[in-house]
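Because the structure is predicted, anything quoted here is derived from the model rather than measured. Computed from heavy atoms alone, side chains included, the values below leave out hydrogens, waters and symmetry copies.
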Amino acid sequence: MGVSFLSTCPSLLPLVAYDTPPSARYQPRSVSICCNKTISDVSDGEPFHWRRRDVLKCAGATVGLELIGSSGSLVEMANAADLIQRRQRSEFQSKIKETLFTAIKGNPDLIPSLLTLALNDALTYDKATKSGGPNGSIRFSSEIGRPENTGLSAALNLLEEAKKEIDSDSKGGSISYADLIHIAAQSAAKATFLAAAIRKCGGKEEKGKTLYNAYGSNGQWGLFDRQFGRADAQDPDPEGRVPLWEKASVQEMKDKFVAVGFGPRQLAVLSAFLGPDQNATETLLASDPDVAPWVQKYQRSRETVSQTDYEVDLITTFTKLSTLGQQINYEAYTYPPPKIDITKLKL
């Protein structure tokens, strides 16, 4: 018994070539289509043949076109959901930065320690084993108590207090220590840039802010801000991976930086991260012929109005440092938007 496929493609039969004269146009005819053979039921006696595979191809094309037509709404929904998540993350990050700005402004003496805290947290990264890195492991008492982290406890305590305030207002979960430590270092670095601008304006804070906003490199932080969603380590990182900066030779510093994929240029631009006295650190680094040219370059840059070379290179280097070995979760801190009961809306 023949099985009819006519019901699967009702819209296909009227298809005609409309560029032909009306008199020559094809007139729709009643056709019964079977699986194994074609049967014509034609009033004018002219045979008309359909093959099953042709019908299936046409039916498949029809379904495909309908799916393509409806895919636009799916894409729009996906884009809308993505925009909502981006906004949620952006709002949460802004709250974090506001809290940290206030905390750092009240404790400017901790800026060097915040920078070193982030550096030492990140430089536990080991390329061979893909372990360590900027994972917040420095929060553990057994790690923060190591010789290379001496003097950093006050900075960590400051972040602990800031974290309580940040978490209390979070809709998408607690901030990870890894994110907190490195966003705090970003805020500390920005504070040093702003302080330099204020000094160039004779200590006048408002003029310094205007100078920094006009000529600073604040817009270069975009990539760093997107790398938001670091995961916390559940155990301390192995010992012996971070030098004791106060006693390390320049060669030891260079070796450590090379081990994580950096070189003399990055060592020079991160001089402020290597201890409380940047000038003393740079004097030591300048004794090395590989590092000296970069130290001099950044010192000259800091004397200019914009500090562009120094700021841009520091931002670029710190962005890479703060993601060593990390898999960023770009959906971190997002949450389902509240549902709206449209029956309760007042129109």
Side-chain angles (χ1 to χ4, degrees), residues 90-119 121-122 134 152 154-159 161-163 165-166 175 179-228 266 268-282 294-295 297-322:
S90 177
E91 290 175 350
F92 184 47
Q93 197 174 67
S94 295
K95 172 63 178 176
I96 295 167
K97 291 180 180 181
E98 290 174 8
T99 302
L100 291 172
F101 175 81
T102 302
I104 292 172
K105 187 175 182 179
N107 298 271
D109 55 311
L110 291 180
I111 286 177
S113 296
L114 289 168
L115 298 177
T116 306
L117 185 74
L119 178 70
D121 184 52
L152 302 182
L156 183 61
N157 292 339
L158 180 71
L159 298 188
E161 291 301 313
K163 188 176 189 304
E165 180 179 344
I166 293 167
I175 184 174
D179 278 336
L180 180 66
I181 289 168
H182 293 277
I183 295 176
Q186 177 200 35
S187 298
K190 286 183 177 182
T192 66
F193 298 161
L194 177 59
I198 292 172
R199 285 197 300 272
K200 290 170 186 175
C201 292
K204 297 177 181 178
E205 185 171 344
E206 289 304 316
K207 287 188 175 181
K209 288 180 179 179
T210 301
L211 177 67
Y212 178 61
N213 290 333
Y215 296 101
S217 302
N218 202 40
Q220 298 296 318
W221 287 104
L223 180 58
F224 176 90
D225 289 339
R226 288 192 292 275
Q227 309 302 314
F228 181 45
Q266 289 75 30
V269 81
L270 291 180
S271 60
F273 289 67
L274 298 171
D277 189 342
Q278 185 177 16
N279 291 330
T281 300
E282 288 188 333
W294 296 108
V295 171
K297 173 185 174 71
Y298 296 132
Q299 287 176 337
R300 289 194 300 270
S301 177
R302 290 200 299 270
E303 294 302 317
T304 65
V305 172
S306 64
Q307 300 191 116
T308 300
D309 287 343
Y310 173 66
E311 287 189 13
V312 171
D313 281 7
L314 189 149
I315 293 168
T316 301
T317 301
F318 180 62
T319 298
K320 182 177 179 181
L321 175 78
S322 68

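D179 has its side chain out of reach of I96: every pair of non-hydrogen atoms, C-beta onward, lies at least 4.5 Å apart. At least one side-chain heavy atom of I315 sits less than 4.5 Å from a side-chain heavy atom of S217. L110 places none of its side-chain heavy atoms less than 4.5 Å from the side chain of I104. At least one side-chain heavy atom of L100 sits less than 4.5 Å from a side-chain heavy atom of L159.
Applying the salt bridge (charged side-chain N to carboxylate O under 4.0 Å, His left out) rule to pairs touching residues 92-106 yields K95-E165, K97-D225, sequence neighbours excluded. Residue pairs meeting the salt bridge (charged side-chain N to carboxylate O under 4.0 Å, His left out) criterion with at least one member in residues 312-321, sequence neighbours excluded, are R265-D313.
Using a distance-only test at 3.5 Å, with no hydrogens or angles considered, a donor-acceptor pair links the side chain of N213 to the main chain of K209. The backbone N or O of A280 sits less than 3.5 Å from a side-chain atom of D277, completing a donor-acceptor pair. Counting only distance, with no hydrogens or angles, the side chain of S301 and the backbone of K297 share no donor-acceptor pair below 3.5 Å.
Annotation: salt bridge (charged side-chain N to carboxylate O under 4.0 Å, His left out) contacts of K204 (sequence neighbours excluded): none. Residues satisfying the ring-ring contact (aromatic ring centres under 6.0 Å, His included) criterion with F318, sequence neighbours excluded, are F224, F273. By the side-chain contact (heavy atoms from CB on, under 4.5 Å) test, A268 is found to be paired with V291, W294, V295, Y298, residues two or more places apart in sequence or in another chain being considered.
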Taking distance alone, no hydrogens or angles, what donor-acceptor pairs closer than 3.5 Å link side-chain atoms of residues 189-203 to residues at least two apart or in another chain?
from	atom 1	to	atom 2	distance (Å)
K190	NZ	N218	OD1	3.4
T192	OG1	A189	O	2.6
K200	NZ	R302	O	2.9
K200	NZ	T304	O	2.3

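With no hydrogens or angles considered, a side-chain donor-acceptor pair links Q278 and S271 at under 3.5 Å. Inspection of the Q220 and E311 side chains reveals no N or O donor paired with an N or O acceptor under 3.5 Å.
Scanning both residues, L270 and T317, for their nearest heavy atoms gives CD1-CG2, 3.7 Å.
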